[in-house]
Amino acid sequence: QAQLVESGGGLVQAGSSLRLSCAASERTSVTYAMGWFRQAPGKEREFVATISWNGGSTDYADSVKGRFTISRDNARNMVYLQMNYLKPEDTAVYYCARALTYSTVREAARYDYWGQGTQVAVSS
């Protein structure tokens, strides 16, 4: 059973950068697409970014396109989310998840394993 552990969250000022990391416990996770989602207080969980199993394809929510970059290191079973030019509206708990498929996917229902989340807070 795969386990995902996120890290790298924190409190930063608007315009700053953070890099989130997601460590997967199983080597088999490298054959699956991975994604990042977020959930702000009082709001539903939303898609942020996804990357295919080999890193060849990525997809982003319009709200983060051009500011966030998803990447992965399959040799280390790691997935990353580089977040630049952070805005107060980026404040949320960020979750890493493993998809049920090898290609990019936005729908949360197509992910089977989820991490516990890491808090990102951006002050204005």
Side-chain angles (χ1 to χ4, degrees):
Q1 185 172 357
Q3 290 186 331
L4 305 173
V5 179
E6 303 95 336
S7 61
L11 172 62
V12 296
Q13 291 187 332
S16 300
S17 298
L18 279 175
R19 189 175 83 151
L20 304 184
S21 299
C22 173
S25 64
E26 283 194 352
R27 179 65 183 166
T28 53
S29 293
V30 305
T31 60
Y32 295 90
M34 299 292 291
W36 286 96
F37 292 76
R38 67 186 182 186
Q39 186 167 19
K43 295 188 177 181
E44 293 187 353
R45 189 173 300 188
E46 66 174 358
F47 164 75
V48 176
T50 178
I51 187 167
S52 62
W53 74 277
N54 63 352
S57 294
T58 58
D59 188 21
Y60 298 91
D62 288 344
S63 59
V64 306
K65 198 171 295 182
R67 299 188 298 121
F68 291 10
T69 302
I70 188 171
S71 61
R72 66 189 299 163
D73 183 346
N74 285 346
R76 292 181 170 84
N77 295 350
M78 297 292 295
V79 180
Y80 305 100
L81 185 68
Q82 178 66 44
M83 305 186 297
N84 299 328
Y85 306 107
L86 283 161
K87 304 175 181 180
E89 51 263 45
D90 294 319
T91 295
V93 177
Y94 283 72
Y95 298 90
C96 173
R98 193 188 79 172
L100 290 163
T101 180
Y102 58 86
S103 60
T104 58
V105 59
R106 290 188 170 210
E107 294 77 21
R110 299 189 66 188
Y111 288 78
D112 56 354
Y113 290 106
W114 295 79
Q116 293 300 306
T118 185
Q119 176 71 54
V120 172
V122 184
S123 63
S124 57

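No experiment lies behind these values; they were computed from the predicted model shown.
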Cut-off 3.5 Å, side chains only: do [X] and [Y] have a donor facing an acceptor?
X	Y	answer
S17	N84	yes
Y85	R67	no
T50	Y111	yes

Using a 3.5 Å distance criterion without hydrogens, assess whether the side chain of [X] forms a donor-acceptor pair with backbone atoms of [Y].
X	Y	answer
R106	Y60	yes
R72	S52	yes
N74	T31	no
E6	Q116	yes
Y94	G8	no
T91	A121	no

Check your understanding: Are K87 and D90 close enough, and set up right, to give a salt bridge (charged side-chain N to carboxylate O under 4.0 Å, His left out), and what steps lead you there?
Key -> CA-CA 5 Å; K87 304 175 181 180; D90 294 319; over 6 Å; no

Review point. How about L20 and F68: do any of their side-chain heavy atoms sit closer than 4.5 Å?
Key: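 Sidechains of F68 and L20: no contact.
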
Check your understanding: So, for F47 and W36, is the gap between ring centers shorter than 6.0 Å?
Key ->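 No, they do not, as the ring centres are separated by 6.0 Å or more.
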
Review point. Which heavy atom of I70 sits nearest a heavy atom of M34, and at what distance?
Key: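 Scanning both residues completely, I find the closest heavy atoms to be CD1-O, 4.1 Å.
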
**Study point:** Hydrophobic cluster identity match, I51 and Y95, side-chain contacts under 4.5 Å
**Key:**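 In one cluster: no.
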
Practice item. Report yes or no: is the cationic atom of R19 (NZ for Lys, CZ for Arg) closer than 6.0 Å to the six-membered ring centre of Y80, at no more than 45° off its axis? Key: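 Geometry flag: set, cation within 6.0 Å and 45°.
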
